[in-house]
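In what follows, a structure is listed as structure tokens, so that the remarks can point back to it.
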There are 2 protein chains.
Amino acid sequence: MKLSKRGEYGLRAMIDLANWTTESAVVPIKDIATQEKIPVKFLEQILLMLKNAGLLQSKMGVGGGYYLAKPPEEITLGHIIRVLDGPLAPVRCVSQMAYEPCGCPDEETCGLRLVMLDVRNAIADILDTTTLADVIARTHQAQNNKTL
Amino acid sequence: MKLSKRGEYGLRAMIDLANWTTESAVVPIKDIATQEKIPVKFLEQILLMLKNAGLLQSKMGVGGGYYLAKPPEEITLGHIIRVLDGPLAPVRCVSQMAYEPCGCPDEETCGLRLVMLDVRNAIADILDTTTLADVIARTHQAQNNKTL
DNA sequence: TAGAATGTCTATATGACAAGTAGACTTTTA
DNA sequence: TAAAAGTCTACTTGTCATATAGACATTCTA
């Protein structure tokens, strides 16, 4: 039930980019890697995957870098995780994006499957409705609460 | 975010055992393996882990086998999964049973962490309140709905 | 127009872990 | 005492996570 490093790094990088986006800047990989303490070459691959998935855009050459393809309000954590880590579902037979039969005699009446479907939905309900903007808002909110 | 085969097999085996428990029987590994189509030697290890965790008891020798250490109403899916697959939390910095710092500058105000905490809680709320008895009940319920 | 700064792409290394297999050993019963 | 069961440890095999390396393409600027 664990998020991979790739997934975690990708999320952190996207949040980082969302913070820069307010100034509509283009951010080089190196800067993100330094900021988030991620191996540069690993981050390269991650950002490339996110670009190929249409979540990022990039500019080559001097002064180039990455930037969000859409405003932070329109990018969900669920989307990012699915690109980097695959389906959210704990078992394939309840996955929306990558269904596979699990071999139990009757999926329709399998109690375990029904519970796992609840789990999948609980996860997806959170991750598919939480955007990068929401994450940033929660961070600021927590910071304010702390200083009170 | 995926359950391992070990976890899935273990859950299915426990549910199987819970079904036999009504007759307070002792079930040999081979029978469970056949029923659930699980490799016998693999299932051996799984049941042993569950026994060492106190969820199963066993009887050696002819006529021996496994049986639940507690009634099905008292065994949660969360407990089984933790034994076989480790923590439920998607990242360790929100794990109750296996916390580890994640290296972000301030965990208390990390928005990503707060979201992941929600996810962990959503998963745990389901898995730690759903028992083997609940799974069996849902199966029966689904079967009844089907024949209506 | 050269060269430095950037992203792009593919290949490779390494270690951990999942999933499964093997076999010797112990206990119990008939 | 032999057969049927669980116990324990080691091993195999393949896949995947987590990187690392290096050649290449593009863009800017001096």
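In what follows, every chain begins at residue 1, and chains take the letters A, B, ... in the order their sequences are listed.
Contact check, B/S58 against D/dA5: no side-chain N or O comes under 4.0 Å of OP1 or OP2. For the OP1/OP2 pair of D/dC28 and a distance below 4.0 Å, the side-chain nitrogens and oxygens of A/K59 include at least one atom meeting the criterion. Within the structure, a side-chain polar atom (N or O) of A/S4 is placed less than 4.0 Å from OP1 or OP2 of D/dT18.
The nearest whole Å value for the distance from the CE atom in B/M49 to the C1' atom in D/dC8 is 14 Å. Whole-Å rounding puts the B/M60 CE to D/dA5 C1' distance at 8 Å. In this structure, A/K2 atom NZ and C/dA16 atom P are separated by 14 Å, rounded to whole Å. The nearest whole Å value for the distance from the CD1 atom in A/I29 to the C1' atom in D/dA19 is 15 Å. Here D/dA17 presents its P atom at 12 Å from CD1 of A/I46, a figure rounded to the nearest Å. Atom CG in B/L48 sits about 14 Å away from atom C1' in C/dC25, given to the nearest Å. One interatomic measurement links the two molecules: CZ of B/R6 to C1' of C/dA19, which rounds to 9 Å at whole-angstrom precision. In this entry the distance linking CD of A/E8 with P of D/dA19 reads 11 Å, nearest Å.
Ionic pairing of A/D118 and B/R138 is present here: one or more N-O contacts between side-chain nitrogen and carboxylate oxygen are shorter than 4.0 angstrom. Using a 4.0 Å cut-off between charged side-chain N and carboxylate O, B/D125 and B/R120 make no salt bridge. Between B/K2 and A/D85 there is no salt bridge, since no side-chain nitrogen of the basic residue lies less than 4.0 Å from a carboxylate oxygen of the acidic one.
Scanning all heavy atoms of the two residues, the minimum distance from B/I136 to B/A18 falls at CD1-CB, 3.5 Å.
Within the 4.0 angstrom heavy-atom criterion, base atoms lie near B/G61.
Counting side-chain heavy-atom gaps under 4.5 Å among Ile, Leu, Val, Met, Phe, Trp and Tyr, B/M97 is found in no cluster with other residues.
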All N/O contacts under 3.5 Å from nucleotides 20-23 of chain C to the protein, with atom names and distances to one decimal?
{"from": "C/dT21", "atom 1": "O4", "to": "B/Q45", "atom 2": "NE2", "distance (Å)": "2.3"}
{"from": "C/dG23", "atom 1": "N7", "to": "B/K41", "atom 2": "NZ", "distance (Å)": "3.4"}
{"from": "C/dG23", "atom 1": "O6", "to": "B/K41", "atom 2": "NZ", "distance (Å)": "2.4"}

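Between A/G63 and B/G65, it is B/G65 whose nearest contact on DNA chain D lies nearer the 5' terminus. Each of A/L3 and B/Y66 lies near DNA chain D, and the nucleotide nearest B/Y66 is the one positioned closer to the 5' end.
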Legend entry - Candidate pair B/T34 and B/D31, rule side-chain hydrogen bond (donor to acceptor under 3.5 Å, both in side chains), full reasoning: CA-CA 5 Å; B/T34 305; B/D31 291 10; 5.6 Å; no
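B/K146 NZ: more than 12 foreign heavy atoms inside a 6.0 Å radius.
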